[in-house]
Amino acid sequence: MTRDAEFRRRILDLVARIPRGRVMTYGQLALLAGQPGAARQAGYVMNSLQGGDHGLPWQRVVNAQGRISTTKIGLGDLQLALLIHDGVDFDSSGRLNLSERQWWPEEAQEGGTPTLF
DNA sequence: CGCCTGACAGACA
DNA sequence: ATGTCTGCCAGGC
């Protein structure tokens, strides 16, 4: 299996596990998928979903500033609505509180090493 | 092959 | 806070 195919699969596995009301960042996904610093590639994978299908909670992925990045491809309003429906609250400047909303998988929480795979 | 553009992020001015 | 620069690398032209 090619490296990018593995990367993609790992990203999607992680996204599928994000609980309602919590979020993960692109850089975090890349890190846990074994490619620290490849946040842009994580975004590239998410972009391929183009929203909705796959039954994945794609809306639970935001950038490192707690802001929605899908505004660039026209999915911003939808993502915001879905997150609010999840119970996530945003401040007046459109940011959510990452320190209380960012979710880390159990495996990554206990061990000192952040990489998951 | 080169050049440019991205659902990004961190460092720095 | 805002803007610039660099690292990341797939895909379009």
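To find a chain, count down the sequence lines: A is the first, B the second, and so on, and within it residues start at 1.
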d([atom1], [X]; [atom2], [N]) in whole Å:
| X | N | atom1 | atom2 | answer |
| --- | --- | --- | --- | --- |
| A/Arg67 | C/dA1 | CZ | C1' | 11 Å |
| A/Ile68 | B/dC8 | CD1 | P | 12 Å |
| A/Asn47 | C/dC9 | CG | P | 18 Å |
| A/Ile18 | B/dA7 | CD1 | C1' | 13 Å |
| A/Phe7 | C/dC9 | CZ | C1' | 10 Å |
| A/Gln35 | C/dC9 | CD | C1' | 9 Å |
| A/Met24 | B/dC8 | CE | C1' | 15 Å |
| A/Ile11 | C/dC8 | CD1 | C1' | 13 Å |

Qualifying salt bridge (Lys or Arg N to Asp or Glu O under 4.0 Å) pairs with a residue from residues 80-89 of chain A, counting only residues at least two apart or across chains: A/Arg60-A/Asp86, A/Asp89-A/Arg101

Selection: residues 70-89 of chain A, any non-hydrogen atom under 4.0 Å of DNA chain B: A/Thr70, A/Lys72, A/Ile73

Polar contact flag, side-chain donor to acceptor under 3.5 angstrom, A/Gln41-A/Gln35: no

Exam field: side chain A/Gln28 to backbone A/Trp103, donor-acceptor pair closer than 3.5 Å: yes

Just distance, no hydrogens or angles: give the donor-acceptor pairs under 3.5 Å from side chains in residues 74-81 of chain A, sequence neighbours left out.
residue, atom, partner, partner atom, Å
A/Gln79, OE1, A/Thr70, OG1, 2.6
A/Gln79, NE2, A/Gln59, O, 2.8
A/Gln79, NE2, A/Val61, O, 3.0

Residues in side-chain contact (heavy atoms from CB on, under 4.5 Å) contact with A/Arg95, at least two apart in sequence or another chain: A/Arg67, A/Asp91, A/Ser93

Which residues share a side-chain contact (heavy atoms from CB on, under 4.5 Å) with A/Ser99, sequence neighbours left out: A/Asn97

Contacts of type salt bridge (Lys or Arg N to Asp or Glu O under 4.0 Å), residue A/Arg22, not counting sequence neighbours: none

By side-chain hydrogen bond (donor to acceptor under 3.5 Å, both in side chains) - contacts of A/Thr25 (at least two apart): none

By side-chain hydrogen bond (donor to acceptor under 3.5 Å, both in side chains) - contacts of A/Ser92 (at least two apart): none

Dot-bracket encoding per residue of DNA chain B, Watson-Crick/G-U cut-off under 3.5 Å, | denoting interstrand: .|||||.||||||

Test item: A/Val62 and A/Ser69 side chains (from C-beta on) under 4.5 Å apart, heavy atoms: no

Any side-chain heavy-atom pair of A/Leu12 and A/Arg9 under 4.5 Å: no

Just the atom pairs and distances: protein N or O near nucleotides 9-13 of chain B's N or O, under 3.5 Å.
residue, atom, partner, partner atom, Å
B/dA9, OP1, A/Tyr26, N, 3.4
B/dA9, OP1, A/Gly27, N, 3.2
B/dA9, OP1, A/Ala64, N, 3.1
B/dA9, OP2, A/Ala64, N, 2.6

